[in-house]
Amino acid sequence: MSMSLDSTPYASHPGRPPHDELVPSRYALKVGDIDVLVISDGVLALPTKMLAANADPAERQAVMDDLKLPPEMVDWPLNVVVVRSGGRTILVDAGAGANPNLPKAGQLGHRLEAAGIDLADLTDVVVTHMHMDHIGGLLVDGVKERLRPDLRIHAAAAEVEFWAKPDFSLTVMPSGFPEALESTAQRFLREYRSHLRTFEEQHEIAPGVVVTRTGGHTPGHSVVRLKSGGDRLTFAGDAVFQVGFDHPDLHNGFEHDPMEAARVRVRLLREMAETGEMLVATHLSFPSLGHVAVTGDVFRWVPATWDY
Ligand SMILES: [Zn+2]
């Protein structure tokens, strides 16, 4: 019997991921009868300043020290979710896609494949908003051709309207970002116009799968709420970031209406704490599954125990 090291282990094991990754990139769970899969699109390295755009340098430094986040650049986790309910397969957000400025993100394609999900399986896509780290995955070469011709892409009407003439006056972004965000959103709208199904405030996509507009981060920013058999989970999109529990009042540089975004964040966190439901958010550490606790005005993130 030989014990040689196999240099191509996956080739001989059908069903194994084609990429030999040292970290897990997907996590599955059930919310009642609804199947949920959190998939990591990778991480985005961004200036730390963006997590605390309205803090002065000393205050920002203190917050980052307290949370053990690096002072200059910080990796933002980037998660998407696949939901299966009532015979529909729904992708919530699409990651960053291929972007030379974001080399550690844009991994959704091979990670979906590794999870056994073909692009042609998707019946619906929900975009929580049209920033490029949420829609870029649909703009990767060859993706559109592999999607079903009857794919429905759900977005708030206010989001579609906003990107026709976006307002960046209250955002704090590195140079080049507003232009890149605007052109990416407009390209997305051009490419996928015929697939778009807009809603005003709320829309039920499948049994127990409801998308609800919150506004704040962008005018059409939305969250996806799952409810089945007494279980609940909310995918909060960009309503909450790594610093959002300890400092919900800190503005994020990507927020187009930061005051409203902070109100949305506090309202949502308070509700999550009250209902005790699970929270998943785009930019919390993978698999980003946990609960929200609150004492007075102070929120706390309570990560869920992994169920192996
Ligand atoms: Zn984002």
Side-chain angles (χ1 to χ4, degrees), residues 38-53 69 73-81 91-99 101-108 111 125-140 153-156 158-159 162-163 166 168 170-174 176-188 211 213-224 234-245 248 250-258 260-262 264-265 268-269 279-288:
V38 184
I39 300 182
S40 166
D41 186 57
V43 294
L44 306 167
L46 290 165
T48 302
K49 194 177 167 182
M50 300 199 61
L51 286 174
L69 292 170
M73 295 292 281
V74 61
D75 279 341
W76 290 28
L78 181 49
N79 306 302
V80 311
V81 170
L91 175 68
V92 185
D93 284 347
N99 186 328
N101 296 315
L102 307 171
K104 290 161 84 178
Q107 315 225 32
L108 181 63
R111 288 178 171 177
V125 174
V126 180
V127 291
T128 60
H129 62 295
M130 294 183 187
H131 279 160
M132 60 190 173
D133 53 323
H134 299 255
I135 56 172
L138 295 177
L139 296 172
V140 172
I153 301 181
H154 307 273
E159 190 68 9
F162 175 72
W163 288 102
F168 285 88
L170 300 177
T171 63
V172 181
M173 299 183 190
F177 266 74
E179 296 76 10
L181 287 166
E182 178 170 352
S183 65
T184 306
Q186 290 177 352
R187 187 182 148 211
F188 175 76
V211 58
R213 188 181 78 85
T214 65
H217 187 73
T218 61
H221 179 274
S222 301
V223 299
V224 177
T234 291
F235 180 80
D238 282 17
V240 60
F241 299 91
Q242 285 150 301
V243 300
F245 299 93
L250 282 179
H251 295 172
N252 186 281
F254 284 111
E255 287 165 349
H256 292 260
D257 183 346
E260 179 61 9
V264 166
R265 178 157 45 251
L268 199 66
L269 290 177
L279 170 67
V280 176
T282 306
H283 301 298
L284 296 181
S285 285
F286 177 83
S288 166

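These values consider heavy atoms only, across backbone and side chains, with no hydrogens, waters or symmetry-generated copies. Start at 1 and go down the list; that is how both ligands and their atoms are numbered.
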Counting the benzene-type ring for Trp, do His129 and Phe162 have ring centres under 6.0 Å apart? no

Can you list the residues that meet the side chain to side chain contact (heavy atoms under 4.5 Å, CB included) rule with Ser285, with sequence neighbours excluded? Pro77

Determine whether the aromatic ring centres of residues His134 and His221 are separated by less than 6.0 angstrom. no

List for me each residue that meets side chain to side chain contact (heavy atoms under 4.5 Å, CB included) alongside Ala52, sequence neighbours excluded, and say none if there are none. Ala55, Arg60, Met64, Leu250

In chain order, what residues pass the side-chain hydrogen bond (donor to acceptor under 3.5 Å, both in side chains) check against Ser222, with sequence neighbours excluded? none

Would you say Asp133 and His283 are linked by a side-chain donor-acceptor pair, where the criterion is simply a distance under 3.5 Å? yes

What is the number of protein N/O/S atoms located under 2.8 Å from the Zn ion (ligand 1)? 4

